[in-house]
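Counting begins at 1 with the first residue of the sequence. Heavy-atom basis, side chains included; hydrogens, waters and symmetry copies ignored. One-based numbering, in listed order, for ligands and for the atoms of each.
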Amino acid sequence: MTPNQTTVKPLFLLLFTLITSALTAQPEANYDETKVPKFSVPDPLVTFGGEAITDSQQWEEKRKLEIYQFFEKQIYGKVPALLDEYSFKVIEQDNNALGGKAQRKQIAVGIKKNNRSLNFNILLYLPIGNENAPVFLGYNFHGNHTVTDDPNVIITEAWNENNEDLKIRNNKATEASRGVRMNRWAIDKMLDKGYGIATVYYGEIDPDKNDFSDGLHSLFYEEGQTKPKTNEWGSIAAWAYGLSRAMDYLENDTNISNVIVFGHSRLGKAALWAGATDLRFAGVIGNDSGCGGAALSKRKFGETIGQINTSFPHWFSESFKKYSNKEEMLPVDQHELLALIAPRPLYVASAVEDEWADPKGEFLSAQYATKVYELYDKKGISSTDVQEVNHPIKQTLAYHMRSGKHDVTDYDWDQYIAWAETFAK
Ligand code: GTR
């Protein structure tokens, strides 16, 4: 190599790095209400073609489908095909679990496509003495064994994001992380009130990394394919699909009545999309779901589409990237995702210190979706309702803003359980 070449190469590399980082750099997140751009959200009751919708039948026939298809093709991405096979097996059961409070079942679900298979485990607790219990179904972030200190819960074998606080090391869960997330799952409260709880480790459906070689997506590839096509599913849609596959088991368990799908944060986004795609969920809860969940995108407050698509390029469909930092171009906003769940009960929850998820954007979104609930004579967040800390509004479309941070707390569960009493039993 000549001396000339040795200096040219690093210079070229430097230039290349500068250009690519300039192209992908994201504007600073905005937390200043005065800097929220002037925006208007699309009216859920006017079709893309400009036609007004005045009743629930017109909504179902003309508007709901076009909104659904937009979210499906341009935001979360389409599921490419049907499964070839589905099976489940109760691999463990104890009718005297948690000190006699619950029946515990662990169910292995197997799905097959193109001779490839994927397995995941559902952990289910049902209250003793309530033969027809409503169940909360939600993913957990690090394994079923983290939601309880019950020593019999199977430890996941799947890839796990390292987390020193939760004692997850070498991308593997071990006995050391048993019960580390009990604080987020008010299991005793649920059982005492006659509710069951079903949970699945989301990494068993699709490991949360920007790598499409593993997880659910890879089962569906055609010869030579290595990632989903442009309008096909990202990880959020895959997780939502996994919730439906858990539902396939739960709806056949004769001890279960209604299933309310729940999720926090990224898993709240997945729960909302699952609620929109699968009518079998009797209720839907999005806890601190933020950008790409309940929060309006066009406010550009806290996390934006540009930021989320850069930090988590695998979460949405490839086609969603064209809206990065171009939120004003979107013909929909997230209130219309909420509207797709109507008239079923839906709870949107924020935390006041969780500014990254834009609590105000979540509240407005619930408020703007309410007119679709009203078509069915259901109540939501009216234009005179105000967003106040720890003042839940428990209508069919419910909302609260808890004090504190991005988290799931007993306060949240107290509200969800009390709200579920109004429809789930
Ligand atoms: C953040 C992400 C949010 C939210 C959160 C979580 O890093 O920006 O959209 O999903 O993770 O899932 O805890």
Quick check: Trp315 with Phe320 (ring centres under 6.0 Å apart)? no
Taking the six-membered ring for Trp, is the centroid-to-centroid distance between Tyr347 and Tyr399 below 6.0 Å? no
Mind checking whether Tyr249 and Phe88 have ring centres under 6.0 Å apart? yes
Where does Ile308 meet ligand 1, judged by heavy-atom distances below 4.0 Å: at the side chain, the backbone, both, or neither? side chain
Specify the protein heavy atom at minimum distance from atom 12 (O) of ligand 1: its residue, its atom name, and the distance to 0.1 Å. Arg266 NE, 2.5 Å
Starting from atom 7 (O) of ligand 1, what is the nearest protein heavy atom, named by residue and atom, and what distance separates them? Phe312 CZ, 3.4 Å
I want to know if ligand 1 touches Trp315 in the polar sense, i.e. an N/O pair below 3.5 angstrom. no
Should we count NZ of Lys64 as having more than 12 external heavy atoms under 6.0 Å? yes
Looking at Asn231 and Gly77, would you say the former's side chain and the latter's main chain have a donor-acceptor pair under 3.5 Å? no
If we only count N/O pairs under 3.5 Å, is His264 in contact with ligand 1? no
ring-ring contact (aromatic ring centres under 6.0 Å, His included) for Trp413 and Phe262? Distances and angles first, verdict last. CA-CA 11 Å; Trp413 282 113; Phe262 156 85; 4.6 Å; yes
For Trp356, counting its heavy atoms only, list the atoms of ligand 1 lying under 4.0 Å from any of them. 1 (C), 2 (C), 3 (C), 8 (O)
Which of the numbered atoms in ligand 1 are under 4.0 angstrom from any heavy atom belonging to His406? 6 (C), 13 (O)
In Å and rounded to the nearest 0.5 Å, what is the CG to NZ distance from Leu219 to Lys113? 9.5 Å
So is Lys269 in contact with ligand 1, going by heavy-atom distances below 4.0 Å? yes
For atom 4 (C) of ligand 1, closest protein heavy-atom neighbour: Ser265 OG, 3.0 Å
Could you tell me whether Glu303 approaches ligand 1 through its side chain, its backbone, both or neither, with non-hydrogen atoms closer than 4.0 Å? side chain
